[in-house]
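Shown next, in structure tokens, is the structure this report addresses.
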Number of protein chains: 2
Amino acid sequence: MSVAQTLDQRIREDIERNIRSGAWRPGDRIPFEHELVAEYGCARATVSKALTALSRAGLIERRRKAGSFVAHPHVQSAVLDVPDIGSVIAARGDAYRFELLKRGERKHAAGDPLEAAGAMLTIEGVHHAAGEPFGHEQRLISLAMVPQARDVDFTAEAPGSWLLGHVPWSEARHRIAAVPADARLARLLGIAPGTACLQLERWTWQLGKEVTWVRQTFPGDRYDLVAQFTPQSR
Amino acid sequence: MSVAQTLDQRIREDIERNIRSGAWRPGDRIPFEHELVAEYGCARATVSKALTALSRAGLIERRRKAGSFVAHPHVQSAVLDVPDIGSVIAARGDAYRFELLKRGERKHAAGDPLEAAGAMLTIEGVHHAAGEPFGHEQRLISLAMVPQARDVDFTAEAPGSWLLGHVPWSEARHRIAAVPADARLARLLGIAPGTACLQLERWTWQLGKEVTWVRQTFPGDRYDLVAQFTPQSR
DNA sequence: GAGTGGTCTAGACCACAAA
DNA sequence: TTGTGGTCTAGACCACTCC
């Protein structure tokens with residue numbers, strides 16, 4: 001199953017799994033570096049590399065003389081999030097529906113936004129709010145990471161919503177741009193070609209491995225993104 | 001500035017300075033690891049740590065057998081950061097200029113995006129990259145919070161750059177949308193009316209008090225926003 | 001084949017905070 | 001004072017890729 005992996009990545013993922021599973025709670029001390037060195041039979045620099053990465057990711061906090069501890073999640077800063085579009089629309093008081101346009105399965109191809117996936121599920125659909133098109137979605141799901149997605153009926157539940165409920169993610173990346181609607185998109189969304197649209201691409205990882213990529217496109221007057229944050233010090 | 005600095009940080013900053021200043025252009029090969037080892041008289045692991053950090057930050061690209069190269073920057077910046085547009089453009093290797101269109105001072109008015117400010121500085125200008133318009137900026141600065149802004153020459157330094165260097169901030173909020181360019185904006189940026197543009201509004205606070213508001217508008221094909229993040233618990 | 005970066009080892013000294 | 005993490009050294013082997 002697991003392909004070639006560096007030792008520091010393996011240590012990092014082992015610890016990350018313990019934290020995300022809840023086995024290690026916020027505030028718990030994780031093993032000392034020298035204990036991990038003994039456990040993995042490796043050099044201290046290798047353990048330190050893994051812990052440094054976890055610290056930079058905000059999962060642990062390291063204190064001299066005391067050890068390393070599972071970080072208390074930040075309470076204050078509402079930053080970016082992976083939203084469930086259905087919930088957003090429902091919260092607005094509109095009826096929500098996901099229209100599945102295409103569903104397929106294929107091998108990874110050169111130029112795919114997911115880099116290292118084997119077989120992939122491809123999904124295209126349109127989100128509707130109050131009976132009107134709200135946004136378009138093109139998605140890839142790694143079947144190596146999420147084999148159970150093969151058996152899901154995405155006419156009943158939007159893929160984003162299903163993934164949020166069934167697959168944990170540990171890291172995500174957004175790319176946001178403004179694009180004009182091309183002819184096909186304009187027809188699907190019921191807007192004029194060239195209309196300014198907000199395009200959101202999102203890559204999602206679980207323990208360092210790609211889970212899904214999605215490109216969502218919304219007419220500019222129907223969707224805003226908001227982020228509130230504090231300066232980064234790390 | 002800080003005196004205590006680790007060697008790998010110093011190496012990293014030296015290289016970063018060479019890139020941002022334009023001394024090393026995108027595509028240029030930077031010194032091999034063994035050359036940097038000789039230059040700094042340190043171990044290869046220390047050089048490698050610095051280069052790994054630069055690679056993760058997207059400033060360089062490393063290729064086996066070939067060496068490390070100054071990355072061709074995507075024009076993108078993080079959603080969770082307050083970027084200095086001048087630095088972003090300089091990092092891309094283009095000449096940067098801020099064109100001040102209007103500057104004024106007035107009392108707070110109803111409907112202003114800054115709510116509780118008294119006297120405010122109003123600034124409008126255009127960011128230029130390589131001699132071409134890159135983005136438009138409309139800004140308000142609270143003179144109650146930043147009285148020294150009265151005496152700054154914003155034809156010499158863009159207001160965003162000056163503020164980042166002189167006024168600390170403790171909280172910021174972004175609102176991102178896609179909008180079509182209106183006639184005036186299209187003229188200022190040299191684009192067709194209706195062109196899809198990325199519009200970024202940012203409110204910045206210091207210790208709970210509003211410092212500045214800015215609305216920046218970029219043609220959609222010239223600017224991306226990127227955010228990388230991990231889940232928030234609850 | 002040759003030379004690069006990627007990773008790792010088995011030490012070392014230091015700064016700092018906890019005991 | 002003690003033990004932890006932070007940084008660094010001087011090697012090593014490997015994988016990849018350019019020649």
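Each chain gets a letter, A, B and so on, in the order the sequences are listed, and its residues count up from 1.
Remark: A:Lys49 is in phosphate contact with C:dT7, judged by side-chain N or O atoms under 4.0 Å from OP1 or OP2. Regarding contacts with the backbone of D:dG6, a side-chain N or O of A:Arg62 is found under 4.0 angstrom from either OP1 or OP2.
At least one side-chain heavy atom of B:Leu189 sits less than 4.5 Å from a side-chain heavy atom of B:Pro219. You'll find the side chain of A:Phe98 stays beyond 4.5 Å of the side chain of A:Glu157, heavy atoms only. Between A:Leu121 and A:Leu140, the closest side-chain pair of non-hydrogen atoms is not below 4.5 Å.
Map A:Ala66 and A:Cys42 each onto its nearest nucleotide of DNA chain C; the residue landing nearer the 5' end is A:Cys42. Heavy-atom distances to DNA chain C give each of A:Lys65 and A:Gly41 a nearest nucleotide, and the one nearer the 5′ end belongs to A:Gly41.
Side-chain N or O atoms of A:Thr46 include none that pairs as donor or acceptor with a backbone N or O of A:Cys42 at under 3.5 Å.
Heavy-atom distances under 4.0 Å link DNA chain C to no residue of residues 28-39 of chain A.
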Stepwise side chain to side chain donor-acceptor pair (under 3.5 Å) check, A:Thr212 with A:Arg202: CA-CA 8 Å; A:Thr212 186; A:Arg202 178 170 51 236; over 6 Å; no

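Ion pairing between B:Arg25 and B:Asp28 fails under the 4.0 Å rule for side-chain N and carboxylate O.
Remark: the A:Arg44 side chain and the D:dG5 base include a donor-acceptor N/O pair separated by less than 3.5 Å.
As rounded to whole Å, 12 Å separates atom P of C:dG6 from atom CG of B:Leu54. Between B:Leu7 atom CG and D:dC8 atom C1' there is a gap of 8 Å when expressed in whole angstrom units. Residue A:Arg64 contributes atom CZ, which lies 9 Å from atom C1' of D:dT4 at whole-angstrom precision. Atom pair A:Arg12:CZ and C:dT7:C1' shows a separation of 16 Å (rounding to whole Å applied).
Here B:Ser48 lies in heavy-atom contact (under 4.0 Å) with a base. Within 4.0 Å (heavy atoms only), B:Leu51 reaches no atom of the nucleic acid at all. Counting any heavy atom pair closer than 4.0 Å across all strands shown, B:Arg63 reaches sugar-phosphate atoms only and no base atom.
For the side chain to side chain donor-acceptor pair (under 3.5 Å) with A:Glu124, the qualifying choice from A:His136, A:Arg103, A:Arg139 is A:His136, the only one to do so.
Relative to the side chain of B:Ser68, the nucleotides C:dG5, D:dT7, C:dT9 differ in distance, and C:dG5 lies closest.
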